[in-house]
Amino acid sequence: MIVRTRFAPSPTGRLHLGHVLAAKVAHDLARREPGGCFLLRHEDIDGPRVREEFYQGIEEDLEWLGLDWDETPLRQTTRSAAYEAALSRLRENDLVYPCFCTRREIQAELAVMAAAPHTAQGPVYPGTCRNRSHHEQQQKLAAGTPHAWRLDADKAISITGPLAFHDLRLGNIAVIPALLGDVVLARKDIGSAYHLAVVVDDSFQHITHVSRGEDLLASTHVHRILQCLLDMPEPVYLHHPLVLDEHGKRLAKRYAALSIAALRESGLTPAEALARIDAELNETWCPHSSA
Ligand code: GLU
């Protein structure tokens, strides 16, 4: 098997040390195998926050660090037809439903629930629109009511049966459909969303090893379900620890001082920047045994 990995930043800012860790993990996973490929994907569907200068800035930062990639970088904004096709397939099989709720309605619904389930990303959708009749759905759609499309997670798992995925660091993990609940697969405003786009693109780019920060571990539960529903291959996963700031919080783009551009201007060499990343890692994060 030829190993194919990817680094998938959003061009909404320059890279900081947290991104460099993600890029380096994916780069090294590919480069340690003969013929391994490391790809770059710009996850640029998040409209207004994306800026043209950041595509180039990200590529410049990676080049400076010597984290060279193969093939032409993929831009998700060129892939909407593929996301629509995947959504149509899920719609035909009645595995998604239109959600007409506004953010405020969801909050109001959650406020009256005794124990609303929460994730690190926020509360899980309470399922309001899952229970609408087909007739009501059609009426609202025909009236042009703005809507997202949500995965019916329970229905999906009843079709796929129990699922699991393998993480090189964390071992085998059983999929829990309730973890993120009925996630949005197509947003009201942009017609697609991270979970569907990432699964469709990982399959399109023949990614064999998906590495990313452990903040996205819960998302992988959803991704395994989608891969199974859409007959897509199952990659191996590696969720790595995050680079933390001095308060133990994950680095955010506002930590401009740790952007690669700033470190570079302060006179740091690429080798020193990469050494800072190595210092972040302890020996347990990535087994050196082959996948
Ligand atoms: N675009 C995501 C990020 O910047 C990465 C998603 C992924 O690797 O699956 O955090």
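Ligands are counted one by one from 1 in listed order, and the atoms in each one are counted from 1 as well.
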Salt-bridge present (Arg49, Asp44; N to O < 4.0 Å): no

Geometric class of the Tyr237/His239 ring pair [parallel <30°, tilted 30-60°, perpendicular >60°]: parallel

Results of ring pair (Phe, Tyr, Trp, His ring centres under 6.0 Å) for Phe38 - residues two or more places apart only: His27

Residue pair Arg41 / Gln205, side-chain donor-acceptor N/O under 3.5 Å: yes

Where at least one partner belongs to residues 259-271, residue pairs that pass salt bridge (charged side-chain N to carboxylate O under 4.0 Å, His left out), sequence neighbours excluded: none

Salt bridge (charged side-chain N to carboxylate O under 4.0 Å, His left out) contacts in which one or both residues fall within residues 147-163, not counting sequence neighbours: Asp94-Lys155

Present, as a list of atom pairs with distances to 0.1 Å, all nitrogen or oxygen contacts under 3.5 Å between ligand 1 and the protein.
{"from": "ligand 1", "atom 1": "1 (N)", "to": "Ala8", "atom 2": "O", "distance (Å)": "2.7"}
{"from": "ligand 1", "atom 1": "1 (N)", "to": "Glu43", "atom 2": "OE1", "distance (Å)": "2.7"}
{"from": "ligand 1", "atom 1": "8 (O)", "to": "Arg6", "atom 2": "NH1", "distance (Å)": "2.8"}
{"from": "ligand 1", "atom 1": "8 (O)", "to": "Arg6", "atom 2": "NH2", "distance (Å)": "3.4"}
{"from": "ligand 1", "atom 1": "9 (O)", "to": "Arg6", "atom 2": "NH2", "distance (Å)": "2.9"}
{"from": "ligand 1", "atom 1": "9 (O)", "to": "Tyr194", "atom 2": "OH", "distance (Å)": "2.8"}
{"from": "ligand 1", "atom 1": "9 (O)", "to": "Arg212", "atom 2": "NH1", "distance (Å)": "2.8"}

